[in-house]
Amino acid sequence: MGRIMLIAGNWKMNGSRAGAVNFVQALAALNLVPRPEYALLICPPATLIGQMAAPLAELGVRIGGQDCHQDPNGAFTGDISASMLADLGCGYVIVGHSERRALHGETDHMVRAKARAALAAGLTPIICVGETWAEREAGRAAAVVSAQLEGSVPDGVDPMRLVVAYEPVWAIGSGRAATVDDIAAMHRVIRAGFGGKCGDPEGGLILYGGSVKPSNAAEILALDLVDGALIGGASLEAADFMAIVDAAAA
Ligand code: PEP
């Protein structure tokens with residue numbers, strides 16, 4: 001059997017307790033059948049993790065955080081550590097999302113430290129990389145992404161304990177996903193870099209993220225080098241999320 005796909009939803013700063021109940025009920029009503037070929041993951045805001053962990057687990061859906069601090073505890077007002085996420089039932093945490101990099105000044109060095117903290121807490125970090133439109137226009141997309149990968153992914157880690165998500169910044173939330181040719185080309189670059197760093201050319205999952213929706217999921221997820229998707233807006237509605245999952249299974 002090939003690699004198991006990961007279909008992950010990133011709710012960002014969206015969602016309420018009532019909305020979370022509705023989402024889980026809607027997911028349950030869709031008669032989710034756990035399938036061995038893919039794993040499902042929802043990363044809600046931290047405020048909803050405690051509430052959603054058990055009902056999602058009952059549906060066979062995993063839960064994760066959207067960010068973590070690099071230290072296990074201490075005087076870091078407003079931050080959440082990886083071990084706190086693990087304590088709530090998380091198995092994953094997104095690190096280095098472009099919104100964190102752009103809006104919170106997170107550097108590759110910080111992202112790598114967060115990834116290490118996640119690993120130490122027993123979580124799988126989903127390490128995000130991706131170029132801006134200006135960098136793509138300047139012909140620097142592959143160089144930028146390779147440098148982010150080199151700086152953000154810890155060395156010598158079993159690649160099966162990490163996930164890399166290629167998320168072109170210009171495709172996030174824009175409604176304009178990268179073309180399948182551009183996704184395939186960048187995933188080849190990432191696969192080579194990731195493989196080299198981890199000493200296993202085949203190991204580890206590489207997701208695509210950026211305006212994945214029910215209408216384009218099938219062609220993106222059919223690409224050989226794409227091991228799943230990181231989905232923002234379209235993960236907020238259970239029906240859209242499941243339509244993307246169905247596309248992965250097709
Ligand atoms: C994201 O924020 O990770 C993302 C991919 O968002 P969207 O699917 O809305 O483009």
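Since the structure is predicted, the reported quantities are computational estimates derived from the model, not experimental observations. As the structure lists them, so they are numbered: ligands from 1, and atoms in each ligand from 1.
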key: Side-chain donor or acceptor of H97 paired with backbone N/O of E99 under 3.5 Å   = yes
task = State the atoms of ligand 1, each with its element, that fall below the 4.0 Å cut-off from a heavy-atom position in A171.
result = 10 (O)
message = So, taking the atom named CD1 in I49 and the one named SG in C90, what distance separates them when rounded to the nearest 0.5 Å?
response = 4.0 Å
message = What's the separation between atom CG in L221 and atom CD1 in I183, rounded to the nearest 0.5 Å?
response = 9.0 Å
key: Closest protein heavy atom to atom 4 (C) of ligand 1, given as residue, atom name and distance to 0.1 Å   = G232 N, 3.6 Å
query = Are V169 and V95 joined in one hydrophobic group, where the rule is that I, L, V, M, F, W and Y side chains link up if heavy atoms are under 4.5 Å apart?
reply = no
request  = Within a distance under 4.0 Å of any heavy atom of G210, pick out the atoms of ligand 1 and give their elements.
outcome  = 5 (C), 10 (O)
ask   = Which option out of C43, G233, S235, A234 puts a heavy atom nearest to atom 9 (O) of ligand 1?
value = G233
ask   = Which distance, rounded to the nearest 0.5 Å, do you find between the CD of E131 and the CD of E137?
value = 11.0 Å
message = Taking 4.0 angstrom as the limit and counting only heavy atoms of I172, give me the atoms of ligand 1 inside it, by number and element.
response = 1 (C), 2 (O), 4 (C), 6 (O), 10 (O)
Distance in Å, Y208 OH paired with L223 CG, rounded so as to fall on 0.5 Å steps = 10.5 Å
request  = State the CD1-SG distance between I80 and C68, to the nearest 0.5 angstrom.
outcome  = 9.5 Å
message = Does the residue A177 have a heavy-atom contact with ligand 1, meaning some pair of atoms that are separated by less than 4.0 Å?
response = no
ask   = Which ligand 1 atoms, with their elements, are less than 4.0 angstrom from a heavy-atom of G173?
value = 7 (P), 9 (O), 10 (O)
query = To which protein heavy atom is atom 1 (C) of ligand 1 closest, and what is the distance rounded to 0.1 Å?
reply = H97 NE2, 3.2 Å
query = Should you measure from each heavy atom of S211, which atoms of ligand 1 turn up under 4.0 Å away?
reply = 7 (P), 8 (O), 10 (O)
task = Select the closest option to atom 5 (C) of ligand 1 among E167, E99, K12, judged by heavy-atom distance.
result = E167
